[in-house]
Amino acid sequence: MDIVTLARFQFAMTTVFHFFFVPFSIGTALVVSIMETLYVVKKDEMYKKMAKFWGNIFLLSFAVGVVTGIIQEFQFGMNWSDYSRFVGDIFGAPLAVEALLAFFMESTFLGLWMFTWTRVKPKVHVIFIWLVTLGSLLSALWILIANAFMQHPTGYALRNGRAEMTDFFALIKNPQTWYEFSHVIAAAITMGGIIVAGLTAFQLLKKKNLAPAMKDFYHKSVRIGLSVALVGSLGVLLAGDLQMKDLVHTQPMKLAATEGAYEKTNAWTVVGWADELDKKEVFGVKIPYMLGILAFNNPKKEIQGMNELNEQFKKDFKKQVDAYKKETGKELNFYPPVNTLFWSFRVMAGFGVLMLLVSIVGLILTRKKKPVLFEKRWLLWIMALTTFAPFLANTAGWLITELGRYPWTVYGVFTIMDSVSPNVSVTSLLISNTVYFLLFAGLAGVMITLVIKELKKGPDLDGNKAKLSAKVAVDPFEGGASHE
């Protein structure tokens, strides 16, 4: 393997693993906020127990997300120093705001939320978890502002071989920022709801003859989780549609690759396979005019094919093409990994539709009058297994976002080949890849173990934990010495 491939693999591995937990924590924070709000409004202790129980799951995802996020930041200095040098003037501002404002706000109020259950009034305490949720949203926004610049650079000027910021507010107003933010946050909301509903389904499958209070706890958890997932799924559909329509103008090669379209077409390919070497489609099952409707709301319009776009880009980016040929002796092509993008899009969309259907059908089948879902194990199994759907959908979505930009790190401005650190070696990358893989596997194992342990403990519906802590707090010598 070459240095560029190993560096890309390491960053992909780090990013994918980190992004398992970012939407996890954002989504579950929102669900916990809703549960505690219901407690404040309805004065029902059941919702307080829910907020505490699911809050523990949220805390685990938050902790692992922080650790993996720190590891991800190391990547810029380790393997992508030339990229960091080129774009540091622009990346520095949003990432600094994220760390000093959003993350500081999120972690501060998380601490207050954790340790003040008995010290402040419920109406004050619930504000803390909503501020944690707001902080996580702001944190995501600033990071996506930086990522959006890579997709659609704006507010900069090239000076002395570097991209220098000329307009900070242009970064914030970048349309790509808001397409990405709406899509990512809607997906995070969906994930939070699905995780709560799915993990509850696993609990219901394992535990039979539940006490009425426990049964009520889990049934209400499912309803809240599915309601949140339904809102998020509808948001994902809307945000994804808007983002796809934007790709027609900003990244047409990415759009063409996700559809496996080497030539102009308005037909949507349901399933297919491409010969990436000969640049042609091997086979495809198509629906005529559907792609025109999806991309333009016009069945007669066609998207550009990859072959046409590749020739166009060779002319538009002649400077980069000539530099690449001079350095490598090879022709620079702009084809991304077509089959990966084609199937990633279908995995993302397919699981997105699945989560929407599970949310709708699940809410219908858990009504008080006829809670069929809780009585049929096969329905519970479907909902339980859906727990893994958001992880797969989110990962596929980020593969599309990042791989579809090939061969650029900053679209149309700076290439992947120019971004890699000049002082790394194949040996150092193999070692660090191995270390990171083992570290991530270990973190994943710890996370899964702790979540399972928390689920096994279950919610503290009768206050045993509080009674136990009160008992331990008693001074063992307060009764004085024995006179026996």
Side-chain angles (χ1 to χ4, degrees), residues 1-19 68-92 94-95 143 146-153 156 158-165 251 253-254 257 276 310 313-314 317-338 340-341 395 398-440:
M1 278 194 178
D2 61 284
I3 289 171
V4 174
T5 302
L6 286 169
R8 292 181 72 198
F9 176 81
Q10 186 173 121
F11 195 85
M13 176 174 59
T14 308
T15 302
V16 166
F17 191 78
H18 176 56
F19 201 69
T68 54
I70 293 170
I71 294 171
Q72 187 181 29
E73 289 181 359
F74 290 160
Q75 299 287 305
F76 294 109
M78 288 175 58
N79 302 332
W80 304 96
S81 60
D82 278 355
Y83 168 78
S84 300
R85 190 176 297 111
F86 176 78
V87 82
D89 185 67
I90 295 166
F91 254 48
L95 293 184
I143 291 170
N147 184 269
F149 177 82
M150 298 164 68
Q151 311 291 336
H152 181 66
Y156 76 102
L158 291 175
R159 298 189 183 117
N160 302 316
R162 297 174 68 247
E164 297 184 5
M165 187 189 302
Q251 292 187 30
M253 183 66 88
K254 180 188 290 185
E276 296 184 28
N310 187 56
F313 289 165
K314 284 181 180 179
F317 305 111
K318 190 174 186 301
K319 181 180 177 181
Q320 287 91 341
V321 170
D322 291 344
Y324 183 85
K325 190 169 186 178
K326 183 178 180 181
E327 187 167 344
T328 66
K330 300 176 182 178
E331 191 78 19
L332 177 62
N333 286 310
F334 296 84
Y335 295 97
V338 179
T340 301
L341 292 174
T395 299
W398 272 110
L399 288 176
I400 296 166
T401 300
E402 301 305 304
L403 292 178
R405 198 169 65 246
Y406 182 85
W408 309 104
T409 46
V410 180
Y411 189 79
V413 178
F414 203 63
T415 65
I416 294 169
M417 186 174 174
D418 292 331
S419 303
V420 180
S421 299
N423 58 339
V424 295
S425 65
V426 170
T427 302
S428 66
L429 280 167
L430 284 171
I431 293 170
S432 57
N433 268 304
T434 303
V435 170
Y436 277 137
F437 178 80
L438 294 174
L439 177 61
F440 293 149

Exercise for the section: Check the angle between the aromatic planes of Trp80 and Phe11 and answer parallel, tilted or perpendicular using the 30° and 60° thresholds. Expected result: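 Because their plane-to-plane angle is over 60°, the rings of Trp80 and Phe11 count as perpendicular.
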Exercise for the section: For the pair Phe317 and Phe334, name the ring-plane relationship: parallel under 30°, tilted 30 to 60°, perpendicular over 60°. Expected result: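 Phe317 and Phe334: tilted rings.
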Handout entry: Stepwise side-chain contact (heavy atoms from CB on, under 4.5 Å) test for Phe74 and Thr14
Key = CA-CA 10 Å; Phe74 290 160; Thr14 308; over 6 Å; no
Exercise for the section: Report yes if the distance between the aromatic ring centroids of Tyr436 and Phe9 is under 6.0 Å, otherwise no. Expected result: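 No: the rings miss the under 6.0 Å criterion.
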Looking at every non-hydrogen atom in both residues, tell me the closest pair between [X] and [Y] and how far apart they are.
X      : Y      : answer
Pro337 : Leu403 : CD-O, 4.0 Å
Lys254 : Ile400 : CE-O, 3.5 Å
Asn79  : Ala7   : CB-CB, 4.1 Å
Asp89  : Met165 : OD2-N, 2.6 Å
Trp408 : Gly412 : CD2-N, 3.2 Å
Met253 : Pro336 : CG-CD, 3.6 Å

Practice task
State the OG1-CG distance between Thr409 and Asp418, to the nearest 0.5 angstrom.
Solution key: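 Output value for this atom pair is 8.0 Å.
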Exercise for the section: Measure the spacing between CD of Gln320 and CZ of Phe313 and express it to the nearest 0.5 Å. Expected result: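 The distance works out to 12.0 Å.
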Exercise for the section: With sequence neighbours excluded, give me every side-chain hydrogen bond (donor to acceptor under 3.5 Å, both in side chains) pair touching residues 321-330. Expected result: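 Sorted pair list: Lys318-Asp322.
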Practice task
Only counting residues at least two apart or in another chain, list the ones meeting salt bridge (Lys or Arg N to Asp or Glu O under 4.0 Å) with Glu164.
Solution key: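 Salt bridge (Lys or Arg N to Asp or Glu O under 4.0 Å) check on Glu164 returns Arg159, Arg162.
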Exercise for the section: Verify the neighbour count for atom CZ of Phe437: are there more than 12 heavy atoms of other residues, nucleotides or ligands below 6.0 Å? Expected result: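 Atom CZ in Phe437 is not packed in, count stays at 12 or less.
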Practice task
Could you walk me through whether Val87 and Val413 pass the side-chain contact (heavy atoms from CB on, under 4.5 Å) test, one step at a time?
Solution key: CA-CA 11 Å; Val87 82; Val413 178; over 6 Å; no
Handout entry: Any side-chain donor near an acceptor of the partner, Thr15 and Glu402, under 3.5 Å
Key =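 Looking only at side-chain atoms, Glu402 and Thr15 do not form any donor-acceptor pair under 3.5 Å.
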Handout entry: Stepwise side-chain contact (heavy atoms from CB on, under 4.5 Å) check, Phe149 with Val410
Key = CA-CA 7 Å; Phe149 177 82; Val410 180; 3.9 Å; yes
Problem - Stepwise side-chain contact (heavy atoms from CB on, under 4.5 Å) test for Phe440 and Ile71 - result: CA-CA 10 Å; Phe440 293 149; Ile71 294 171; 3.8 Å; yes
